[in-house]
Number of protein chains: 2
Amino acid sequence: MTAKASSDANGVGAERISDAEHAVMEALWRKSPQTAVEVCDAVCKERGWSIPTVKTLLSRLVNKGVLATEPDGRRFLYTPRIKRSDYVGTESKRLVERLFGGRAAPLFAQLAENEALTPDDIAEIERLLQEMKK
Amino acid sequence: MTAKASSDANGVGAERISDAEHAVMEALWRKSPQTAVEVCDAVCKERGWSIPTVKTLLSRLVNKGVLATEPDGRRFLYTPRIKRSDYVGTESKRLVERLFGGRAAPLFAQLAENEALTPDDIAEIERLLQEMKK
DNA sequence: GCATTCAGATTACAAATGTAATCGCAAACT
DNA sequence: AGTTTGCGATTACATTTGTAATCTGAATGC
C-alpha cells in the first residue's frame with residue numbers, strides 16, 4: 001500500500017471536511033470523546049439525521065484522518081485529531097484567499113458594509129487592535 | 001411547470017456556486033460580457049481546463065440563474081446577474097455563521113492570531129473603524 | 001448455550017461537482 | 001450550393017456528499 005490517507009505535509013487533517021461532516025466535528029470539538037450515539041444525540045435532532053447517517057459521517061471522518069477512535073467495550077469513542085482552531089484558521093484563510101485576494105482588510109470592510117458587525121464586535125476588534133500594538 | 005430555477009425570495013442567485021464555477025464567475029466579474037472562449041483564455045491556463053469544461057461551467061451557471069446570456073452573432077456573451085459584492089457578502093456571512101457563531105470579532109481574532117493580518121490590513125481596519133464611528 | 005441486540009462495516013443510491021467528449025446545427029468559406 | 005468549422009446543447013463518467021438500509025459478528029440476557 002502506498003502510505004496514503006490521514007496525514008500530509010502539514011500534519012494531520014488536509015482532507016477537506018464537508019458541511020455535514022463539519023456538524024459532526026463541531027459536536028466532538030464541543031465534547032470528546034463521544035460515542036456515535038452521543039454524537040447523534042447532539043446533532044441528529046437539529047439536522048434531521050438518523051443514527052446511520054451519523055455513523056457514515058464518523059467513518060468518513062476517520063478515513064480522512066481527522067478523527068481518532070478508541071475502543072470502549074463493544075463500541076468506539078471518537079476524538080478529533082485536529083484542533084478546531086486549526087480547522088477554523090485554515091477555512092478562514094481559504095475564504096480570505098478566494099474572495100479577497102488574501103487580504104483581510106477587504107473582508108472586514110465587507111462585513112462592515114453588510115451590517116454584519118455588531119457594536120460589540122466593533123468594540124472587541126478595537127480592543128484586539130490595541131492589544132496587538134503593544 | 002413549477003416556476004422553479006433562477007430566482008428566489010432574495011432575488012437572483014440563491015443557488016450555491018461551486019469552486020470551479022466560482023473561478024468562472026471571477027473572470028466575468030473582472031470583465032463582462034465575455035464569450036466562452038474569452039473566459040477560457042482568462043482561466044483555462046491557470047486551472048488546467050479545456051474549453052469544454054468552461055462551457056459546462058457556463059451552462060451550469062446559466063441554469064443556476066447567476067449568469068445572463070446575450071446572443072452575439074453565432075455565439076453568446078455571458079454576464080453576471082449577481083454582483084460580486086453580494087456574493088462575497090453572502091459567502092463571508094456564511095463562514096462567520098458556520099465557524100464563529102455569527103460573530104465577526106472571533107474571526108478577526110483568528111486572523112490576527114494566524115498572522116493573516118498584514119500591517120497594512122491593520123492600518124486599513126483601523127481607518128475603517130474610525131470611519132464607522134463618525 | 002442460544003437467541004437477541006446492538007456496534008461498526010459494507011453496500012446503496014441520488015444529487016452535485018469536476019472534467020470532458022460528442023452531437024447537431026447554423027454561419028462562413030470556396 | 002456544398003463543405004467545413006465553430007458554436008451551444010447533450011451526454012458521459014468518476015468522485016464527493018448527503019442520507020440511509022442492510023449485514024455481520026460479538027456481547028448480553030435468559
Side-chain angles (χ1 to χ4, degrees), chain A residues 4-6 13-28 33-79 87 91 94 98, chain B residues 2 4-6 13-28 33-79 91 94 98:
Chain A
K4 201 190 53 77
S6 95
E15 310 266 354
R16 203 96 170 72
I17 292 172
S18 81
D19 213 71
E21 288 162 358
H22 176 236
V24 167
M25 289 304 288
E26 286 294 345
L28 285 164
Q34 287 189 84
T35 66
V37 171
E38 287 169 336
V39 170
C40 186
D41 287 347
V43 302
C44 281
K45 198 59 167 262
E46 182 180 6
R47 311 270 307 199
W49 287 342
S50 51
I51 308 211
T53 297
V54 170
K55 291 190 178 175
T56 298
L57 295 172
L58 286 169
S59 296
R60 287 180 183 169
L61 287 166
V62 170
N63 277 322
K64 290 184 177 182
V66 293
L67 282 186
T69 55
E70 162 196 4
D72 171 51
R74 50 140 90 244
R75 59 253 165 85
F76 277 157
L77 296 179
Y78 297 87
T79 313
Y87 173 73
E91 288 303 303
R94 177 192 305 280
R98 263 175 45 114
Chain B
T2 40
K4 200 190 55 78
S6 93
E15 310 266 354
R16 204 96 171 72
I17 292 172
S18 81
D19 213 72
E21 288 161 0
H22 175 237
V24 168
M25 290 303 289
E26 286 294 343
L28 285 164
Q34 288 189 84
T35 65
V37 170
E38 288 168 335
V39 171
C40 187
D41 287 346
V43 302
C44 281
K45 198 60 166 262
E46 182 179 6
R47 311 269 307 199
W49 286 342
S50 52
I51 308 210
T53 298
V54 170
K55 291 191 177 173
T56 299
L57 294 171
L58 286 168
S59 297
R60 286 180 184 169
L61 288 165
V62 170
N63 277 323
K64 291 184 177 181
V66 294
L67 282 187
T69 56
E70 163 197 2
D72 170 50
R74 50 142 88 243
R75 59 253 168 86
F76 277 155
L77 296 178
Y78 298 88
T79 313
E91 288 303 304
R94 178 192 304 279
R98 264 176 43 115

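All chains are named by letter (A, B, ...) in the order of the sequence lines, taking the proteins before the strands, and each is independently numbered beginning at 1.
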| remark: Residues pairing under salt bridge (charged side-chain N to carboxylate O under 4.0 Å, His left out) where one sits in residues 36-46 of chain A, two or more places apart or in two chains, turn out to be none

| Spacing of L61(A) atom CG relative to dG18(D) atom P, expressed in whole Å | 10 Å

| task | Could you check if a side-chain atom of V39(B) sits within less than 4.5 angstrom of a side-chain atom of L28(B), using non-hydrogen atoms only? | result | yes

| request: Could you tell me the separation between the CZ atom of R75(B) and the C1' atom of dT5(D), rounded to a whole number of Å? | output: 14 Å

| request: Please list, chain by chain and in numerical order, all residues satisfying side-chain contact (heavy atoms from CB on, under 4.5 Å) with A36(B), sequence neighbours excluded. | output: K55(B), L58(B), Y78(B)

| request: If a pair satisfies disulfide bond (SG atoms under 2.5 Å apart) and one of its residues is in residues 41-76 of chain A, list it, with sequence neighbours excluded. | output: C40(A)-C44(A)

Can you give me the N/O atom pairs linking the protein to nucleotides 4-6 of chain C at distances under 3.5 Å, or say none if there are none?
unit_1 : atom_1 : unit_2 : atom_2 : d
dC6(C) : O2     : R74(A) : NH1    : 3.4

Nucleotide N/O of nucleotides 13-17 of chain D paired with protein N/O under 3.5 Å:
unit_1  : atom_1 : unit_2 : atom_2 : d
dT17(D) : OP2    : K64(A) : NZ     : 2.9

| task | Take the protein atom CG of D72(B) and the nucleotide atom P of dA26(C), then report the distance between them rounded to whole Å. | result | 18 Å

| said: So T56(A), base contact, sugar-phosphate only, or nothing? Heavy-atom distance under 4.0 Å. | reply: base

| task | Let me know the distance between NZ of K55(B) and C1' of dT22(C), rounded to the nearest Å. | result | 12 Å

List the atom pairs, with distances to 0.1 Å, where a side-chain N or O of residues 16-23 of chain B and a protein N or O form a donor-acceptor pair under 3.5 Å, not counting sequence neighbours.
unit_1 : atom_1 : unit_2 : atom_2 : d
R16(B) : NH1    : E91(B) : OE1    : 3.3
R16(B) : NH1    : E91(B) : OE2    : 2.8
S18(B) : OG     : E21(B) : N      : 3.3
S18(B) : OG     : E21(B) : OE1    : 3.4
D19(B) : OD1    : R98(A) : NH1    : 2.3
E21(B) : OE1    : S18(B) : N      : 2.8
E21(B) : OE1    : K64(B) : NZ     : 2.8
E21(B) : OE2    : K64(B) : NZ     : 3.1
H22(B) : NE2    : E26(B) : OE2    : 2.8

| said: Which residues pass the side-chain contact (heavy atoms from CB on, under 4.5 Å) test with T56(B), not counting sequence neighbours? | reply: R60(B)

| request: Write down the distance between CD (E70(A)) and P (dA7(C)), rounded to a whole number of angstrom. | output: 17 Å

| Comparing L57(A) and G73(A) on DNA chain D - which has the more 5′ nearest nucleotide | L57(A)

Can you list, pair by pair, the side-chain donor-acceptor contacts under 3.5 Å of residues 65-74 of chain A, counting residues two or more places apart and other chains?
none

| field | From T79(B) atom OG1 to L77(B) atom CG, the distance as rounded to the nearest 0.5 Å | value | 6.5 Å

| Please give, in whole Å, the distance from dA16(C) C1' to N63(B) CG? | 13 Å

| query | Of all of residues 37-49 of chain B, which get a heavy atom below 4.0 angstrom from DNA chain C, listed by number? | reply | G48(B), W49(B)

| Backbone of A27(A) reached by a side-chain donor or acceptor of Q34(A) within 3.5 Å | yes

| message | Output the rounded distance in Å from CZ (F76(B)) to P (dA27(C)). | response | 12 Å

| said: Could you tell me if the side chain of V62(A) sits less than 4.5 Å from the side chain of F76(A), heavy atoms only? | reply: no

